[in-house]
Amino acid sequence: MIDRDGNGIEDRVDLLRIAEEAMRARGLLCAPPPVELGDAPSPGGRDLTDLPWNSIDNATSRDLDQVEYAERHDGFTRVLVGIAEVSAFAPPGGALDVAAAHNGATVYTAAGVFPMIPRALSEDRTSLLDGAPRLAMVTSLDVSDDGEVIASEHFPAWVQNRCKLDYPSVSAWLRGGDAPPGLAESPVMQAQIHLQDLVSSRLRARRMANGALTFHTPDEEFVHDRDGNLVDIVNRAPLRAGEIVEDLMIAVNQAVARNLAARGYPCLLRVVPPPARWPRIVSLAAQWGVGLPAHPSTRALARFVNDTARAHPDRAEEISLGVLKLVGRGAYVAQRPGEEGPGHFGLAVGAYAHSTAPNRRYPDVIAQRLLHAAHRGDPCPYSVEALEAIAARCVEAGALARKVERQVAKSAAALFLAHRVGESFDAVVTGVTAGGTYIRLHHPAVEGRLMQGQAGLDVGDLVRARLEGCDVARGHLDFVAAAPA
């Protein structure tokens, strides 16, 4: 941390202790059970270790879920996406499976990470780290030159990551900078990234044409110095290399939902229904001189968000954040064979599963088990009722995890801002509930509650707010509305 004199502050509050207490208070496990690292049952599969697979992730990540490979064909590009094999190491009903089902996902906090499965697996045996053959569930996507997935299949295979890359350095290289290690000495890998970048842009363009929403909302990032002290809380802007991975994973998740339904299997879907607060979105757009239809339309909303962001780039984050909060969060539901799901409003698609991060999310482990059963032609390993129970628990656990993450983030923010009580900040309203009105500062990128002056404010409104108090242990930042921003 940094005090008012600019000196590092250590041990003023034990954020990890706060995080662990927050986890326990909400009934979440701080650690998965230990695991004996024997040989996992092999699902068999093809040997694809000779292909030039690569991964792109955060520079410090070791729980790698995906590797990619692309090849050009006449009129289309075939993309292979390998997803880490986790289901073979965590049989249904075992201790690991029960613990993973309970937490639902890895919990990421400002104090540290609480992994869903043991690090000995997620950061080693089931991680697609470079240099060693690994089991994977591979999805093959044939993508036409206009961005349509014209064919797809799923199969187990052995893969080997040949080049572990990170988002910042690949993004800088794609913008014309120097090639990072792994790319600089490999023309083959350079060609791979360029081809993956091309096909991802085509997939993205088709999604956008279909009305998918693109939000200009950077992620919150806690910046630490070499000694691990928090020195800033900033917004991390999306990176081009991150879009490559995102576009490919979205295509895989759509293919999984589509193909399981075609085989007559039920599935866990990730859904975002049309927003219940659509009238407020219409009102927000009207403030910018844009008329939206009376009923929810992704195409109309996408035009508003994108056109307004281009015309007012300095306000793009505020607009996107307000709309994103009003659209609402996704949830998991069980889809019965032959039934239409409620769809994913943000992506403008009818069926979408989570399947690409089994080291970090339990629904992705379920999807992997379903894909294995479908590949073998076995009966479905889950009843619809069992999937409904899993979906309900994952939604519940996800809400609890977000509360933990927010609480710890606010504790870190309160500690960081403790010496700035009395200062005023520009902010945007992100929530108006019976429990209070909440805002997000532009910088530092933290959230807090308006204790006074909130009358008449709604999500998306701008406000100038004065910091009145910080409670580090409880993670509270209390503000008073000073004036409209």
Side-chain angles (χ1 to χ4, degrees), residues 43-46 65-66 78-88 90-92 97 100-101 104-105 135-143 148-157 203 207 210 247-273 330-395:
R46 309 177 194 179
D65 283 298
Q66 311 111 9
R78 176 164 294 159
V79 181
L80 303 183
V81 177
I83 302 301
E85 173 60 50
V86 174
S87 64
D97 180 60
L135 289 168
M137 175 59 72
V138 173
T139 293
S140 173
L141 303 170
D142 289 351
V143 184
E148 180 183 3
V149 177
I150 54 179
S152 62
E153 64 171 326
H154 315 279
F155 53 87
L203 288 165
R207 285 204 320 275
N210 289 335
D247 294 329
L248 296 181
M249 297 310 113
I250 289 174
V252 170
N253 286 329
Q254 287 181 258
V256 167
R258 183 170 56 246
N259 290 354
L260 285 174
R263 297 289 298 272
Y265 286 77
C267 182
L268 277 183
L269 295 182
R270 184 68 175 174
V271 302
V272 177
Y332 294 104
V333 300
Q335 181 188 35
R336 295 176 180 271
E339 288 187 353
E340 289 290 332
H344 194 299
F345 183 83
L347 294 175
V349 297
Y352 185 78
H354 270 173
S355 66
T356 56
N359 278 312
R360 315 177 196 192
R361 291 187 307 226
Y362 189 64
D364 304 55
V365 179
I366 301 300
Q368 198 165 80
R369 290 171 180 159
L370 293 170
L371 289 172
H372 277 301
H375 178 75
R376 294 189 301 262
D378 292 346
C380 182
Y382 295 97
S383 66
V384 173
E385 291 72 22
L387 289 178
E388 287 174 341
I390 292 170
R393 174 55 195 173
C394 287
V395 171

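Minimum heavy-atom separation, Cys394 to Tyr332: CB-CD1, 3.8 Å. Across all non-hydrogen atoms, the minimal contact from Gln368 to Ile83 is NE2-O, 4.0 Å. Listed here is the closest heavy atom pair of Arg270 and His344: O-CD2, 3.7 Å. Taking each heavy atom of Val138 and Gly82 in turn, the nearest pair found is CG2-CA, 4.1 Å. Minimum heavy-atom separation, Cys267 to Ala257: SG-CA, 4.4 Å. Residues Ala373 and Pro381 share a closest heavy-atom pair of CB-CD, 3.7 Å.
Between Val79 and Leu248 there is a side-chain heavy-atom pair separated by less than 4.5 Å. Side-chain contact between Asp142 and Arg78 is present, with heavy atoms from C-beta onward closer than 4.5 Å. Contact of the Val149 side chain with the Arg258 side chain is registered, since non-hydrogen atoms from C-beta on lie closer than 4.5 Å. Looking at Pro266 and Cys380, their side chains come closer than 4.5 Å, going by heavy atoms from C-beta outward. Contact annotation: the side chain of Arg263 never approaches that of Asn259 to less than 4.5 Å [non-hydrogen atoms, C-beta and beyond].
Counting non-hydrogen atoms of neighbouring residues, nucleotides and ligands closer than 6.0 angstrom, the CD atom of Glu340 reaches no more than 12 such neighbours.
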Could you go step by step and tell me if Tyr362 and Arg360 meet the side chain to side chain contact (heavy atoms under 4.5 Å, CB included) rule?
-> CA-CA 7 Å; Tyr362 189 64; Arg360 315 177 196 192; over 6 Å; no
Output, in order, the C-alpha distance, side-chain angles, deciding distance and verdict of side chain to side chain contact (heavy atoms under 4.5 Å, CB included) for Leu260 and His154.
-> CA-CA 10 Å; Leu260 285 174; His154 315 279; over 6 Å; no
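The closest side-chain donor-acceptor pair between His372 and Glu85 falls under 3.5 angstrom.
Going from atom CD1 of Ile366 over to atom NE2 of His354 covers 14.0 Å, rounded to the nearest 0.5 Å. Rounded to the nearest 0.5 angstrom, Asp65 CG and Met249 CE are separated by 9.5 Å.
Considering Asn253, Thr139, Leu268 in turn, Asn253 is the only one that fulfils the side chain to side chain contact (heavy atoms under 4.5 Å, CB included) rule with Ser355.
In this structure, Arg369 fails the cation-pi test against Tyr382, since its NZ or CZ atom is not both closer than 6.0 Å to the six-membered ring centre and inside 45 degrees of the ring normal.
Using a distance-only test at 3.5 Å, with no hydrogens or angles considered, a donor-acceptor pair links the side chain of Asp364 to the main chain of Thr356.
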